[in-house]
Amino acid sequence: MQLLTGKEVSDAVFEDLEKQTSQFIAKHGFAPTLAVILVGNDPASQSYVKSKKKACISLGFGHRDYELAEDTTQEVLLDLVKELNADATVHGILVQLPLPKGLDENLIIESIDSKKDVDGFHPINVGKLLIGLPCFVSCTPKGVLEMLDFYHIETKGKHAVIIGRSNIVGKPMAALLIQKGRDATVTICHSKTENLKEIVNTADIIIAAMGKPLFITPDMVKKGAIIIDVGINRVEDPTRKRGYRLVGDVDFEQVKDICSAITPVPGGVGVMTIAMLMKNTLQAAIQLAHEDTK
Ligand code: NDP
């Protein structure tokens, strides 16, 4: 069994990004800059935002952090996005999800300039992805593809079963894998899927993105399958200082001798997401700088 470690891949991506960022700064005299908006006090979101800031600093990117109160109104948030859309020194805008109740996520995402939508959630980018045009691609599925490429995993003609149909993971993952050039045959499963076990059992590549700890068990896995575990779940663990540990959607210990390759949790897909966010931010800065010189 081959362990597909995200760290190895993200280190390679960061090394490449460092070089490209130095070249960008030398050419344009400014750094790619990411604005991150956090509304409320969700601890997981706070920790994600912190990691994004750390990644920006490590690459020499500019970063702007906006921490807004839980009771921020939609108007205030929309005004801030509008301001950042118009600010030529900001190249990427990200609104950390989920937003507190009462704020319309779709409306906020749509308000972001699609040219600065480094999360790849804007309907324009999602639509372009579906018809195979260049666009910002959602960071987690983009990170999965980067991992598959790094480890030379062939998707052509393979049956990929994606479990989860969210807008940020499952659906864009499917759109990427069915593109010409990737050529996978894709099945998407969700909570209403019948005969899930039988379907997953036919997969050459399993992509688990459901948020259900240790759900994928050995009886669901075909011998030699490749498993990409996107799930990140906290389960209680009194032996740990913090009282919990992170596990994936796949029962790693039980399936590791059946599959031919697998991503661990933690240390798998998770670290790829931020690497892809940085890649998208540099891409936005390059494209916007190019437009300015036209
Ligand atoms: P969502 O909750 O938005 O979507 C979960 C999906 O799984 C839904 O489509 C749901 O079906 C499906 N599902 C839930 N239970 C079952 C079941 N019993 N059988 C089949 N399908 C089921 O989650 P996300 O896509 O946002 O995230 C999925 C997981 O990936 C989470 O653990 C999350 O923490 C992790 N994640 C990891 C990232 C990373 O950086 N590695 C980034 C983003 C997410 P239905 O639509 O019918 O409800």
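In this text, all values refer to a predicted model and were calculated from it rather than measured experimentally. Whatever order the structure lists them in is the order used to number ligands and atoms, beginning at 1. For this chain, numbers begin at 1 and follow the sequence in order.
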Query raised in the report: Parallel, tilted or perpendicular for F24 and H91, by the 30°/60° rule?
Result: perpendicular

Does D237 come within less than 4.0 Å of R240, counting only side-chain N to carboxylate O? yes

Sorted by chain and number, sequence neighbours left out, side-chain hydrogen bond (donor to acceptor under 3.5 Å, both in side chains) with Y151 holds for T5, E8

For ligand 1, what N or O to protein N or O distances fall under 3.5 Å?
residue, atom, partner, partner atom, Å
ligand 1, 9 (O), R165, N, 2.8
ligand 1, 11 (O), S191, N, 3.2
ligand 1, 21 (N), H190, O, 3.4
ligand 1, 21 (N), S191, N, 3.3
ligand 1, 25 (O), S166, OG, 2.5
ligand 1, 32 (O), I232, N, 3.0
ligand 1, 32 (O), I232, O, 3.4
ligand 1, 34 (O), I232, O, 3.3
ligand 1, 40 (O), T273, OG1, 2.7
ligand 1, 46 (O), R165, NE, 2.7
ligand 1, 47 (O), R165, NE, 3.4
ligand 1, 47 (O), R165, NH2, 2.8
ligand 1, 47 (O), S191, N, 3.2
ligand 1, 47 (O), S191, OG, 2.5

Quick one: does N195's side chain have a donor or acceptor within less than 3.5 Å of a partner on E198's backbone? no

> Do the non-hydrogen side-chain atoms of M272 and K142 ever get within less than 4.5 Å of each other?
Replying inline: no

query = Could D16 and K279 be called an ion pair, given the rule that one side-chain N must be under 4.0 Å from one carboxylate O?
reply = no

